[in-house]
Structure formats: C-alpha cells, structure tokens
*Asks:* 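My questions all concern the structure below.
These numbers were taken from a predicted model, which means no experiment stands behind them.
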Amino acid sequence: MTKPVNIAIAGALGRMGQAVARTLDGHALARAVARFDRPEATGEDLVTRDVALEAAQAVIDFTLPEASVLLAEACAARGGPAVVIGSTGFTPDQIARIDVAATKIAIVRSGNYSLGVNMLMGLVKQAAAALPASEWDIEVFEAHHKRKIDAPSGTALMLGQAAAEGRGVDLEAVSDRGRDGVTGPRTEGDIGFSVVRGGGIIGEHSVLFAGEEEVLTLSHSASDRGLFARGAVAAAVWAVSQPPGHYDMQDVLGFRR
Ligand SMILES: NC(=O)C1=CN([C@@H]2O[C@H](COP(=O)(O)OP(=O)(O)OC[C@H]3O[C@@H](n4cnc5c(N)ncnc54)[C@H](OP(=O)(O)O)[C@@H]3O)[C@@H](O)[C@H]2O)C=CC1
Ligand SMILES: O=C(O)C1=N[C@H](C(=O)O)C[C@H](O)C1
C-alpha cells in the first residue's frame with residue numbers, strides 16, 4: 001500500500017483551509033499533518049509555518065497573494081515542500097517571484113482547481129478560435145459571495161486568457177474591465193469582464209460569445225467549496241513527484257499534452 005502524502009494547510013482557519021481539512025479527513029492518498037494561519041491567529045492544532053513545512057511533503061495554500069509568494073519563497077529556500085497555491089489576485093511582479101521560487105521546487109498555481117472549469121477553458125479557447133472577432137463579441141461574467149476581495153476572479157481571468165489564446169491576441173491589450181457612464185460603442189475584439197458580489201454565491205462563471213442574431217454561452221457553476229479542495233489535494237499528490245517548475249491544473253489533469 002502506498003504511504004499517504006503528508007500535507008500542511010496554510011490559511012487553515014479560512015473558508016478554503018477548512019474545506020481542505022475536511023477533504024483530507026479520511027482521504028485515501030493524502031493526510032493533513034499540520035495546519036497554520038496568520039502568525040497571530042489562534043486555533044486548535046495550529047502550529048507555526050516552519051514546523052508545518054518541516055512535517056510536510058506538500059503545502060496547500062489558500063490565503064492572500066503576498067502570503068502565498070512569501071510561502072513559496074520560504075519553501076524554495078529550504079528545498080521543499082512542494083506548494084499548491086489557490087490564492088487569487090496576484091500582480092505580475094508577484095507571479096514573477098513565484099516563477100523564481102519554482103526553479104527550486106514544484107509549485108502548482110491555479111485560480112480554480114475544479115475539473116469543470118479546467119474543461120471549460122479548453123472549450124472557450126476552441127470557440128474563440130472558431131468564431132471571428134468581427135462577428136462575435138466575447139464577454140466574461142462572474143459572480144461570487146460578498147466576502148470575496150479580488151475582482152475579476154482568478155477564474156474569470158483564466159477564462160479571458162483562454163479566449164485571448166484562442167484568438168491569438170494579448171489579453172492585456174484587449175481587456176475591458178470597467179464600464180460606467182458614456183462608454184461609447186464596444187471596441188471590436190475587446191474581451192469584456194463583468195462582476196457580481198453578493199450573499200453566499202460559491203462561484204458562477206460564464207463566457208458569452210455574442211453575435212448579431214445568436215448568443216453562445218459556456219458556463220460553470222460551483223455549489224460547494226469541497227470541489228476546489230478536492231482538486232487542490234489531487235494537485236498536491238501529483239506535485240510531490242514532479243521536478244521543479246511552475247505548473248497549473250491543466251498540467252495536473254494532463255490537459256496540456
Ligand atoms: N483556486 C481555487 O480553486 C480557489 C481559490 N480561492 C481563493 O483562495 C483565497 C482564500 O479564499 P478563502 O478561503 O475564501 O478566504 P478566507 O479569507 O476565508 O481564508 C484565508 C485565510 O488565510 C489567512 N491568512 C492570511 N494571511 C496569512 C498568512 N500570512 N499566513 C497564513 N494564513 C494567512 C486568513 O487570515 P485572516 O482572516 O486573518 O486574514 C484566512 O484565515 C482567495 O484568494 C480566493 O480567491 C478560493 C476558492 C477556490
Ligand atoms: O474567492 C472565492 O471564493 C473563489 N475564488 C476563485 C476565483 O477567484 O476564481 C475560485 C472560485 O470561483 C471561488
């Protein structure tokens with residue numbers, strides 16, 4: 001019988017940290033060996049970050065962008081454990097720092113660990129490649145709970161990136177992320193983003209391809225955070241046997257082959 005992979009949970013007191021702990025409870029391939037949160041936080045079973053990293057083969061992190069970068073750098077400096085990052089809202093500079101850390105250890109980072117969203121990315125790319133920008137306008141819509149602090153969501157940006165790749169354009173150059181007041185007509189080729197925040201919505205994402213006489217909508221709806229936690233645990237089990245590199249869930253699922 002294979003030994004379970006030892007996992008540390010960063011941000012253990014958070015919504016996702018708790019979902020990861022529930023997923024690991026009785027898991028066949030992995031087990032939680034340490035939990036930590038902010039240094040000043042208190043909570044049953046919490047240890048310091050260094051004690052957690054010592055005990056673990058992989059650390060699953062759903063915290064905040066800067067905390068995730070510092071964790072990745074700390075793991076790289078000590079040569080492990082592997083890191084699975086679920087936090088969203090990174091700046092390009094922060095992603096560049098993760099790239100550097102990933103030259104020393106395996107790091108998986110994804111804005112969404114669900115199978116469905118990772119499938120959706122391929123479908124969006126395919127549709128964007130097939131439907132010409134002169135006739136089809138792409139709009140990404142997302143809705144989340146009122147406590148979410150970043151927008152657009154990491155998933156919405158991943159879907160926008162998939163659409164941009166399908167069209168062979170740079171997302172940064174065609175993104176339209178804020179419409180208010182007299183905006184003028186839509187610019188051909190733009191990829192628009194719109195955001196809703198309210199209540200306890202777990203995560204809704206749609207990509208609209210709007211033509212003059214028809215609209216194609218590709219969408220995903222999450223109804224439980226356990227979905228993301230299961231994907232992150234699968235990523236951690238996968239990561240412990242990978243060489244250093246900055247991976248994402250497409251790599252874990254074998255969708256990039
Ligand atoms: N990739 C995916 O599939 C998913 C990604 N997410 C993303 O994960 C992140 C967390 O989401 P969620 O769990 O809802 O948020 P929460 O705010 O509920 O949890 C984050 C936890 O991390 C803690 N934390 C903050 N800084 C540190 C630190 N330096 N060291 C250790 N712990 C720290 C927070 O403490 P405090 O409250 O004191 O700040 C909090 O307990 C968000 O960026 C979200 O977008 C969420 C769901 C799925
Ligand atoms: O903050 C959340 O809750 C979620 N964040 C991720 C994102 O930003 O896309 C994934 C999921 O939709 C839930």
Side-chain angles (χ1 to χ4, degrees), residues 64-66 68-69 85-99 108-114 116-198 201-212 214-222 228 246-251 255-256:
L64 291 168
E66 189 58 21
S68 301
V69 174
I85 297 176
S87 310
T88 55
F90 292 95
T91 63
D93 278 358
Q94 288 171 326
I95 291 171
R97 285 165 63 194
I98 296 173
D99 282 336
V108 184
R109 183 178 62 86
S110 176
N112 197 303
Y113 282 96
S114 74
V117 158
N118 281 277
M119 280 292 300
L120 181 62
M121 285 168 65
L123 300 174
V124 166
K125 186 172 173 180
Q126 192 186 342
L131 303 174
S134 54
E135 290 168 44
W136 296 84
D137 299 321
I138 302 181
E139 292 286 316
V140 182
F141 165 84
E142 60 105 331
H144 283 88
H145 54 93
K146 62 187 173 190
R147 294 171 194 87
K148 184 162 178 62
I149 61 170
D150 57 311
S153 68
T155 309
L157 295 172
M158 282 161 51
L159 292 169
Q161 180 61 32
E165 282 172 19
R167 280 194 170 165
V169 296
D170 175 19
L171 179 61
E172 199 67 22
V174 298
S175 279
D176 185 351
R177 286 168 59 159
R179 295 188 186 117
D180 190 16
V182 182
T183 60
R186 195 181 195 287
T187 303
E188 185 178 295
D190 271 3
I191 296 178
F193 289 85
S194 52
V195 173
V196 160
R197 292 287 175 268
I201 302 169
I202 302 285
E204 303 287 325
H205 292 93
S206 298
V207 182
L208 276 70
F209 294 83
E212 282 295 348
E214 56 184 331
V215 177
L216 168 66
T217 307
L218 300 175
S219 41
H220 180 268
S221 181
F228 311 125
H246 191 165
Y247 304 100
D248 64 19
M249 197 57 182
Q250 300 280 309
D251 298 304
F255 286 177
R256 222 185 282 288

*Asks:* Within this structure, what is the CD-CH2 distance for the pair Glu212 and Trp136, rounded to the nearest 0.5 Å?
*Replies:* 10.5 Å

*Asks:* With rounding to the nearest 0.5 Å, note down the distance linking CG in Leu131 to CG in Leu216.
*Replies:* 6.5 Å

*Asks:* If we count only N and O atoms by modelled type, under 3.5 Å, do the side chains of His205 and Ser153 hold a donor and an acceptor together?
*Replies:* yes

*Asks:* Is the shortest side-chain heavy-atom distance between Ile98 and Val69 below 4.5 Å?
*Replies:* yes

*Asks:* Only counting residues at least two apart or in another chain, list the ones meeting side-chain contact (heavy atoms from CB on, under 4.5 Å) with Ile202.
*Replies:* Ala222, Arg225, Phe228

*Asks:* Report yes if the side chains of Val140 and Val124 come closer than 4.5 Å at any heavy-atom pair, otherwise no.
*Replies:* no

*Asks:* Closer than 3.5 angstrom, by distance alone: can the side chain of Glu214 be matched with the main-chain N or O of Gly211 as a donor-acceptor pair?
*Replies:* no

*Asks:* If every non-hydrogen atom of Gly154 is compared with every non-hydrogen atom of Asp150, which pair is closest and at what distance?
*Replies:* N-OD2, 4.2 Å

*Asks:* Any side-chain to backbone donor/acceptor pair from Asp248 onto Gln250? Under 3.5 Å, distance only.
*Replies:* yes

*Asks:* Could you check whether Ser114 and Asn112, counting side-chain N and O atoms only, form a donor-acceptor pair closer than 3.5 Å?
*Replies:* yes

*Asks:* Tell me the closest heavy-atom pair linking Val215 and Thr217, and the distance in Å.
*Replies:* CG1-OG1, 3.8 Å

*Asks:* Which residues satisfy the side chain to side chain donor-acceptor pair (under 3.5 Å) test with Arg167, sequence neighbours excluded?
*Replies:* none

*Asks:* Quick one: CZ on Arg256 to CG on Asp251, what's the gap to the nearest 0.5 Å?
*Replies:* 4.5 Å

*Asks:* What heavy-atom pair brings Gln94 and Gly89 nearest, and what distance separates the two atoms?
*Replies:* OE1-O, 4.2 Å

*Asks:* For Glu139, is there an ion pair with Arg186 - N to carboxylate O distance below 4.0 angstrom?
*Replies:* yes

*Asks:* Would you give the length of the straight line joining atom CD of Gln161 to atom CG of Leu159, rounded to the nearest 0.5 angstrom?
*Replies:* 10.5 Å

*Asks:* Which pair of non-hydrogen atoms, one from Ala163 and one from Ile138, has the smallest distance, and what is that distance?
*Replies:* CB-CD1, 4.0 Å

*Asks:* Return the set of residues passing side-chain contact (heavy atoms from CB on, under 4.5 Å) with Ala143 (not counting sequence neighbours), or none when no residue passes.
*Replies:* Phe141, Val196, Ile201, Glu204

*Asks:* Using a 3.5 Å cut-off and no angle test, enumerate the donor-acceptor pairs between side-chain atoms of residues 169-177 and protein atoms at least two apart in sequence or in another chain.
*Replies:*
unit_1	atom_1	unit_2	atom_2	d
Asp170	OD1	Glu172	N	3.3
Ser175	OG	Leu171	O	3.0
Asp176	OD2	Arg179	NE	3.1

*Asks:* Might you point out which heavy atoms bring Val195 and Ala151 nearest each other, and give the distance in Å?
*Replies:* CG1-CB, 4.1 Å

*Asks:* What pairs with Gln126 under side-chain contact (heavy atoms from CB on, under 4.5 Å), at least two apart in sequence or on another chain?
*Replies:* Leu123

*Asks:* Taking the side chain as every heavy atom from C-beta outward, state whether Leu64 and Ile149 have any pair of such atoms under 4.5 Å apart.
*Replies:* yes

*Asks:* Using 0.5 Å steps for rounding, measure from the OG1 atom of Thr88 to the NZ atom of Lys148.
*Replies:* 3.5 Å

*Asks:* Taking only residues two or more places apart in sequence or in another chain, which ones pass side-chain contact (heavy atoms from CB on, under 4.5 Å) with Ser87?
*Replies:* Asp61, Thr63, Ser68, Ile85, Phe90

*Asks:* Carefully, step by step, assess Arg197 and His145 under the rule side chain to side chain contact (heavy atoms under 4.5 Å, CB included).
*Replies:* CA-CA 5 Å; Arg197 292 287 175 268; His145 54 93; over 6 Å; no

*Asks:* Identify the heavy atoms of Ala127 and Leu218 that sit nearest to each other, and give their distance.
*Replies:* CB-CD1, 4.3 Å

*Asks:* Does a side-chain heavy-atom distance below 4.5 Å link Met119 with Phe255?
*Replies:* yes

*Asks:* Heavy atoms, side chains only, cut-off 4.5 Å: are Arg97 and Glu66 in contact?
*Replies:* yes

